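Remember, predicted model here, so these are calculated numbers, not experimental data. By convention here, the first residue in the shown sequence is residue 1.
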Amino acid sequence: FDFEKFPSASGHLGVQMQSVGEVMSIGRTFRESLQKAFRSLEVGLDGLEPKPAAAGDPDVSRARSLDMSTLRFATSFRLLKIRQAFIEGQSIEDIFSVTKIDPWFLQQIKMLVDQQNGSSLRELKHDGFSDKQIGRMLDKSELEIRDQRKKESIFPAYKVVDTCAAEFEAQTPYCYSTYDEENEIDPLEGKKVMILGGGPNRIGQGIEFDYCCVQAVFGLQDQGYKTIMVNCNPETVSTDFDLVDRLYFEPVTFEDVLNIVEFEKPDGVLVQFGGQTPLKIAHTLAAAGVPIIGTSPENIDLAEDREKFGKILDKLNITCPEYGTGRTLEEVITVAEKIGFPVLARPSYVLGGRAMEIVYSKEQLIEYISRNADVTEGHPILIDEFLEDAFEFDVDALCDGNIVHIGAVMQHIEEAGIHSGDSACVLPPYRITTEAMDEIVRITESLALELNVIGLINLQFAYKDGQVFVLEVNPRASRTVPFVSKTTNVPLARIASQLT
């Protein structure tokens, strides 16, 4: 569910469809599968457990206390409320009388609550608890728990789902992890590359990134590599059982991906095709020694970090709208007043225009920050000068570190400020001067080379009063790649996977 985009939606399960994607998790027990499903959702949860409360938040106790009558309504996080009810001493019978959920499932959730009291590390892993969850219980970091697991020889085993129901040997089974004793598979032999998928489809990050992952598979197969896909979304082509040499139905999280990397030992891992999902864990994977191929996490961060990116623009003499960043309410207000309203406010490291808003006053800015606290927590808020009545352009390009190929320059139908995920594009551009077009191409080439991009890069420009402004740069696949590829008949993502 992606209700942040629809603040007016009730979020109650009814006859109207409100979900935009799904996850599938596989385990040996319902408890393990449920925990894996929750951490696959990418809503900031590490299992069947709410987000840890922000330190010093006076509203925490009020927010955490439970009104049993709210359990009647089937909402996206009702199971977390049921867990809280068990913690507060409610019985299975009490909760069943309100929810009418089969007591067997309630018993499983109660067992997860009870498990947190003095269970061994092996028992906790057997029930699907992530290293982060266990770390919070024991006041340790995720990596400390990982090291402890290794010392106690607690490793995941990989099992297969037989796609042929044992009638004959399956050539294309798919795999999942569980904390058991015996592996049912051996690591793939030969040259192999792992691709991290985009996780659950949701508004802003959808099937376009799945297309890119599939094209990357084709590109690697052209080069003679075996392919390994890690994803948790059953409604995508990337998780078709016969697409790749090995498919892992696992959450796309640091812990789960690193486990597979240590088991398979691939020659490289591709993170630029699955949208923001793999990028969020690229840094920690690289720090753990995972061989990331394509644009490095450091160079991806150069484009994501507004201060570092600003220095690159200054060095290359490239114009952008005035901007600033802030982590606290006071910082954000100071930056916005210095730039002058209207401004475009958005959190860094999110996708799809989520929590992006045009703000016309200080009061509206304060209200915006309070409304989006859960999205912006831990990330700086980006404040940009808003260019009214400007045209916006999108560019998709390829780079191998030496040569830049412009895939397409698209012009948005809507004016700048409508997020590219919500707008319509025209190819080729319908209203731009030759000089401005040449400037867009020049900037694209210089930024791709300066960021040392290996693979795909997407740039967004504004054009107003004869001047070209850079809005943002993403050194990864973008949602426009499939449309550009189909329109121009140049498979950009397939080619990008072969660049080194």
Looking at R346, is its backbone amide N or carbonyl O close enough to the side chain of E357 to form a donor-acceptor pair, meaning the two atoms are under 3.5 Å apart?
no
Of all heavy-atom pairs between [X] and [Y], which one has the smallest distance, and what is that distance?
X    : Y    : result
G407 : T488 : O-CG2, 4.0 Å
D396 : M410 : OD2-CE, 3.6 Å
I403 : L449 : N-CD2, 4.4 Å
P342 : E388 : CG-OE1, 3.9 Å

Do other residues, nucleotides or ligands put more than 12 heavy atoms under 6.0 Å from the [atom1] atom of [X]?
X    : atom1 : answer
K192 : NZ    : yes
D139 : CG    : no
N317 : CG    : no
K191 : NZ    : yes

Please state whether the rings of Y158 and F263 are parallel, tilted or perpendicular, taking 30° and 60° as the class boundaries.
tilted
Would you call [X] and [Y] a salt bridge, using N to O less than 4.0 angstrom?
X    : Y    : answer
D222 : R494 : yes
K464 : D389 : no
K338 : E385 : no
K280 : E42  : yes

Listing, residues 228-235 side-chain donor-acceptor contacts under 3.5 Å, not counting sequence neighbours, or none:
unit_1	atom_1	unit_2	atom_2	d
N231	OD1	G199	N	2.9
N231	ND2	S238	OG	3.2
N233	OD1	E235	N	2.9
N233	ND2	G199	O	3.4
N233	ND2	N201	OD1	3.3

Would you sort out whether T433 and Y463 count as a side chain to side chain contact (heavy atoms under 4.5 Å, CB included), showing the intermediate values?
CA-CA 10 Å; T433 64; Y463 173 63; 3.3 Å; yes
Taking atom types as modelled, find out whether S485 and Q215 have a side-chain donor-acceptor pair closer than 3.5 angstrom.
no
Check: Q467/E439 side-chain N/O donor and acceptor closer than 3.5 Å
no
Go through Q221 and K226 one step at a time and tell me if the side-chain hydrogen bond (donor to acceptor under 3.5 Å, both in side chains) criterion holds.
CA-CA 6 Å; Q221 289 172 343; K226 290 185 176 173; over 6 Å; no
Suppose the criterion is salt bridge (Lys or Arg N to Asp or Glu O under 4.0 Å): which pairs have a residue in residues 244-257, not counting sequence neighbours?
K36-E250, R39-D256, K125-E255, R246-E264
